[in-house]
Amino acid sequence: MSGFSEDMPFFDEPNARPAAPSGIAARAMAARSGQNSAPDYLKGLNPEQRLAVETTEGPVLVLAGAGTGKTRVLTTRIAHILNTRKAWPSEILAVTFTNKAAREMKQRIGLLIGEENVEGMPWLGTFHSIGVKLLRRHAELAGLKSGFTILDTDDVVRLIKQLIQAEGLDDKRWPAKTFAQMLDNWKNKGLGPDEIAEGDARSFGNGKGRQLYKAYQERLQTLNSCDFGDLLYHPIRIFRANPDVLKEYHRKFKYILVDEYQDTNTAQYMWLRLLAQRPNVGRSASAEGRKPDRASAGQAAPAGASERSERAAVSENKVNICCVGDDDQSIYGWRGAEVDNILRFDKDFPGATIIRLERNYRSTAHILGAASHLIAHNEGRFGKTLFTDRNDPDDDKVHVHAAWDSEEEARAIGDVIEAYQRPDRQGNRHKLNDMAILVRASFQMRAFEDRFITLGLNYRVIGGPRFYERLEIRDALAFFRVVANGGDDLAFERIVNTPKRGLGEATIRQIHDTARALRVPMLEAAASLAESDELKPKPRAALREVAANFERWRNALETSPHIELAETILEESGYTDMWKNDRSAEAPGRLENLKELIRSMEEYESLRAFLEHVALVMEAEQGESQDAVSIMTLHSAKGLEFETVFLPGWEEGLFPHQRALDEGGRSGLEEERRLAYVGLTRAKKNLHIWFVSNRQIHGLWQSTIPSRFVNELPETHVDVAEGGNSYGGYGNPYGGGAFASGRGGGRQNPYGASRFDNIGAKDQGSFSNTYATPGWQRAQANRTEATDRNWGTRSGHQVERIGYGETDSGYGAGRTSVKGRTIDGELVAKSVADTPSAFNVGDRVFHQKFGNGNIAAIDGNKLTIDFDKAGQKRVLDGFVVGV
DNA sequence: GGCTGGTGGGTTTTT
DNA sequence: CCCACCAGCC
């Protein structure tokens with residue numbers, strides 16, 4: 001065999017000079033010098049993983065269950081292809097969904113083949129970032145210029161609103177947001193204006209849906225912009241209309257790898273199919289002849305028609321496409337993901353090898369047993385059963401707890417966290433960083449935040465509006481965008497009067513009209529208006545300054561370093577001064593964020609490169625420096641793992657969510673169940689599930705019953721914690737499952753006392769113990785402790801918010817505050833009003849869940865009742881009876 | 001331009 | 001019930 005020192009395939013161009021082998025190559029050499037054994041990187045893989053790595057030819061589907069080493073397989077496979085010199089780095093297309101996944105993949109491949117060699121993999125990235133790359137190369141084929149801007153959702157909505165108004169439609173009756181959603185759905189399905197279903201087209205804007213879609217695309221073209229959907233949609237159309245371009249990529253990409261295949265939507269599927277479908281040498285003409293060309297034919301087609309014919313055109317050619325995914329973790333159906341893509345893989349790619357990874361390296365046997373049993377209730381799945389060799393008798397079963405209401409649930413979980421945090425026999429303490437609370441809906445988070453603030457327990461909330469979505473950041477970016485692309489009217493409109501320059505609606509309308517009339521961008525229109533006498537002196541002077549500013553900055557774009565330019569823009573525009581003069585509480589933070597924005601530009605070569613990064617990588621920097629419990633939604637927990645996981649809110653209506661059931665039917669329920677599965681499989685060692693008997697929804701107290709998922713857990717792996725009277729009011733509504741043996745009615749725990757039995761009990765004992773917890777004591781001690789920028793002081797302890805910031809509407813800012821709400825579960829407010837009703841104020845009544853109480857106030861059919869035990873609650877009068 | 005009161009909506013989110 | 005959003009006002 002030839003040596004490794006020559007022709008190492010780690011370079012972008014086949015004729016580049018090779019460098020000395022490093023990383024994996026060096027290690028592989030070392031391994032081979034001694035014996036003929038497999039290269040090092042293959043060692044330690046289990047047989048299935050190894051098969052997935054070594055089956056490089058032909059279509060391969062790797063069904064990778066949770067925690068089975070999916071990323072390892074993907075990265076090793078790439079290293080293997082390179083190492084065996086089957087392809088150059090530039091000949092591998094590797095697609096992920098999120099930037100995070102792409103980053104992780106890059107990093108891990110770097111560990112295998114050497115970081116410098118990963119740089120030679122230009123086609124490793126998200127669907128969208130690869131889409132941009134393709135589109136920049138062939139922009140003119142989509143009617144764009146290469147320097148096009150990528151609009152974010154906010155821009156899109158504003159643009160659509162303008163179009164709706166321009167059509168003379170009532171933008172109240174036909175909300176731009178709704179149409180943006182529809183557009184997104186269409187593009188997710190790869191449907192152009194002429195391909196959408198007639199019914200869909202008619203359902204919006206008095207039947208003007210199709211017209212609006214067309215107008216929107218035309219507008220984008222004049223703005224030299226595209227939206228996120230276009231990043232997939234344009235390449236698809238380009239490939240279909242230009243077989244020669246497609247052929248170029250067929251030649252280029254020898255291997256295609258796709259991560260999280262179960263999350264692909266129809267457009268992504270089409271995109272992949274176009275790239276994967278190689279013309280057969282000698283039969284290429286016929287193969288191409290079969291390919292439909294909707295885009296150039298330009299005729300209407302029923303929804304999905306083009307997709308179907310493409311599917312029918314499957315060739316028997318070997319396609320080196322490897323898709324990795326888990327049908328059981330498909331949780332994004334509601335935003336267009338098609339589980340069917342993965343379920344159909346072997347039909348789409350005949351002769352596909354399907355490899356199952358079922359050996360789990362993450363969780364205990366109890367957790368896996370519970371998860372497997374639960375997911376087995378789904379019908380539409382490949383069917384996998386995770387297993388582990390791990391068999392530690394000390395492993396806890398999955399704990400199921402009941403609580404009275406969400407406040408008690410939060411208190412109880414706080415108590416369990418405190419219990420875990422106490423040093424064990426060996427003196428080890430469970431770190432908060434290794435614990436997470438995963439909720440179905442974000443409103444659930446508040447109870448935990450309230451409770452943890454009271455306890456002084458550090459937590460971090462993950463998700464929500466992000467850094468680049470903050471008001472000041474978006475403003476600053478708008479300035480940059482206009483400088484980089486003078487045709488970016490949306491950005492121009494955003495900041496033309498920022499800081500306030502007296503340019504009101506009338507002037508902006510005039511700029512708009514002039515731009516339309518002259519068919520030029522608004523910036524240009526503004527410049528010419530400023531030189532005309534059509535405006536009053538004041539706005540004219542203001543516009544003249546704006547125009548002069550942008551011209552100056554644009555000239556500087558080529559000459560001065562982009563960071564310097566950015567600073568200049570913010571200074572000269574008066575934007576920084578605007579916040580310096582602002583006396584509000586957020587102003588200093590905003591200035592700080594602007595500085596951070598400038599700092600983050602350093603990594604990029606140019607202003608344009610930076611803007612592209614921002615458009616595609618809208619995410620917040622993760623700071624894991626402090627020890628804190630994570631609170632996040634189940635959706636954002638996908639792909640993560642924690643030592644200990646808490647899953648609150650397992651009640652019918654919340655989880656599975658009522659809307660998923662109403663709107664999604666059986667498949668909706670199955671997606672909810674997959675979400676539950678995702679939740680369960682996040683846990684490595686400890687797993688606690690909670691449900692409450694009463695939950696406040698839209699301000700009213702509702703009785704709830706435990707989620708059917710609770711009953712789908714296998715009894716053998718579950719430990720039902722019983723303490724207190726929380727679950728005492730009713731029997732088990734379901735047969736079978738964890739509650740099948742008729743426990744649940746507040747009886748004795750047949751399993752004997754467990755560590756968590758008293759947690760969650762609403763009795764005086766656990767309540768008073770609260771004050772002895774480490775968290776409480778820490779809260780006392782921490783009251784005066786200083787904190788840094790990311791860690792605001794709230795009630796004297798540290799709260800980190802990852803990804804939460806202020807948006808235009810202040811959503812994020814509002815959520816961080818705790819304004820005079822109840823402390824420790826006791827509501828204190830009292831109000832008395834007299835309204836005629838079947839009941840009278842002062843009446844003694846009985847409520848099935850809350851017991852006896854006196855009516856404090858009546859508002860129509862809503863009663864405010866002071867319950868003897870449960871405190872004051874608002875309930876519907878139908879739920880109580882007089883006593 | 002900034003405040004106020006009325007109204008509607010309230011699951012999950014990446015790019 | 002709580003909140004975001006918008007129209008209408010000063």
Side-chain angles (χ1 to χ4, degrees), chain A residues 95-102 125-132 150-153 156 161 171-172 175-177 181 184 187-188 226-233 260 263-265 267-268 331-337 438-446 462-466 468-469 497-505 612-619 632-639 649 653-664 668 671-672 674-675 678-679 696-702 803 807-815 817 819 821 829 859 862 864 873-875:
Chain A
V95 220
T96 65
F97 273 82
T98 62
N99 293 297
K100 199 176 157 202
T126 62
F127 275 101
H128 291 83
S129 68
I130 290 168
V132 180
I150 301 159
L151 302 183
D152 65 32
T153 347
V156 168
K161 194 169 176 180
D171 65 315
K172 210 97 199 238
K177 258 192 185 154
Q181 193 82 52
D184 200 48
K187 289 186 179 179
N188 281 166
C226 63
D227 61 23
F228 281 121
D230 287 341
L231 299 180
L232 291 170
Y233 174 70
E260 304 279 18
D263 286 339
T264 46
N265 60 38
Q268 285 156 339
I331 55 173
Y332 286 111
W334 51 274
R335 67 174 196 209
L438 312 180
V439 297
R440 174 69 241 275
S442 44
F443 75 82
Q444 292 174 262
M445 293 179 182
R446 202 172 101 174
I462 295 171
R466 287 152 289 184
Y468 292 119
E469 284 169 17
N497 196 32
T498 307
K500 304 278 179 270
R501 298 185 170 89
L503 295 168
E505 204 190 325
E612 179 163 315
H613 157 82
V614 168
L616 292 175
V617 190
M618 286 278 229
E619 62 187 335
M632 69 186 93
T633 63
L634 285 158
H635 283 91
S636 37
K638 194 175 148 204
L654 177 59
F655 193 30
H657 199 280
Q658 196 56 49
R659 271 182 77 167
L661 300 176
D662 293 345
E663 291 164 23
E671 182 153 312
E672 293 287 289
R674 291 194 290 269
L675 193 54
V678 166
Q696 211 174 8
I697 293 168
H698 304 334
L700 283 178
W701 284 95
Q702 313 238 281
T807 60
D808 291 15
S809 53
Y811 166 76
R815 287 212 53 243
S817 61
K819 351 178 219 297
R821 267 185 259 111
D859 171 20
K862 292 164 196 157
T864 304
K873 307 279 182 196
R874 298 247 299 161
V875 298

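Values below: every heavy atom of this structure, side chains too, minus hydrogens, waters and symmetry copies. Just so we're on the same page: letters track the sequence lines, and every chain starts at 1.
- In this structure, of B/dT15, C/dC3, B/dT12, it is B/dT12 that holds the atom nearest to the side chain of A/Thr633.
- Scored by the side-chain hydrogen bond (donor to acceptor under 3.5 Å, both in side chains) test, A/Lys638 finds A/Asp263 as partners (sequence neighbours excluded).
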ask   = For nucleotides 1-11 of chain B, read 5' to 3', which letter fits each nucleotide if B means a protein heavy atom sits under 4.0 Å from the base, S means only the sugar-phosphate is that close, and - means neither?
value = S--------BB
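- For the pair A/Gln444 and A/Thr633, the minimum side-chain heavy-atom distance is 4.5 Å or more.
- When rounded to the nearest whole Å, the span between CG of A/Asp230 and P of B/dT14 equals 20 Å.
- Taking atom CG of residue A/Asp152 and atom P of nucleotide B/dT13, one finds them 18 Å apart after rounding to whole Å.
- A 4.5 Å side-chain heavy-atom check between A/Thr96 and A/Glu260 finds every atom pair outside the cut-off.
- Checking side-chain atoms of A/Glu671 against main-chain N and O of A/Gly333 turns up a donor-acceptor pair under 3.5 Å.
- When side chains are defined from C-beta on, A/Leu675 counts as touching A/Phe655, because their heavy atoms get closer than 4.5 Å.
- Remark: P of B/dT14 and CZ of A/Phe97 are 13 Å apart, rounded to the nearest angstrom.
- A straight line from CD of A/Glu671 to P of B/dT13 spans 13 Å, rounded to a whole angstrom.
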inquiry  = Under the criterion ring pair (Phe, Tyr, Trp, His ring centres under 6.0 Å), I'd like the reasoning laid out for A/His657 against A/Trp334: C-alpha separation, chi angles, the key distance, then a yes or no.
reply    = CA-CA 13 Å; A/His657 199 280; A/Trp334 51 274; over 10 Å; no
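- Ring-plane geometry between A/Phe228 and A/His128 is classed as perpendicular, the angle between the planes exceeding 60 degrees on a 0 to 90 degree scale with a lower cut at 30.
- Following rounding to the nearest Å, A/Gln696 (CD) and C/dC1 (C1') show an atom-to-atom distance of 7 Å.
- Spacing between atom CD of A/Gln268 and atom P of B/dT15 amounts to 12 Å, rounded to whole angstrom units.
- Look at the P atom in both B/dT11 and C/dA4: the space between them is 15 Å, to the nearest Å.
- For the pair A/Asn99 and B/dT14, the criterion of a side-chain N or O lying under 4.0 Å from OP1 or OP2 is not met.
- For the P atom pair drawn from B/dT12 and C/dC5, the interatomic distance equals 15 Å after rounding to whole Å.
- Protein atom NZ of A/Lys172 is 17 Å distant from nucleotide atom P of C/dA4, rounded to whole Å.
- Distance CZ (A/Arg335) to P (B/dT12): 13 Å, rounded to an integer number of Å.
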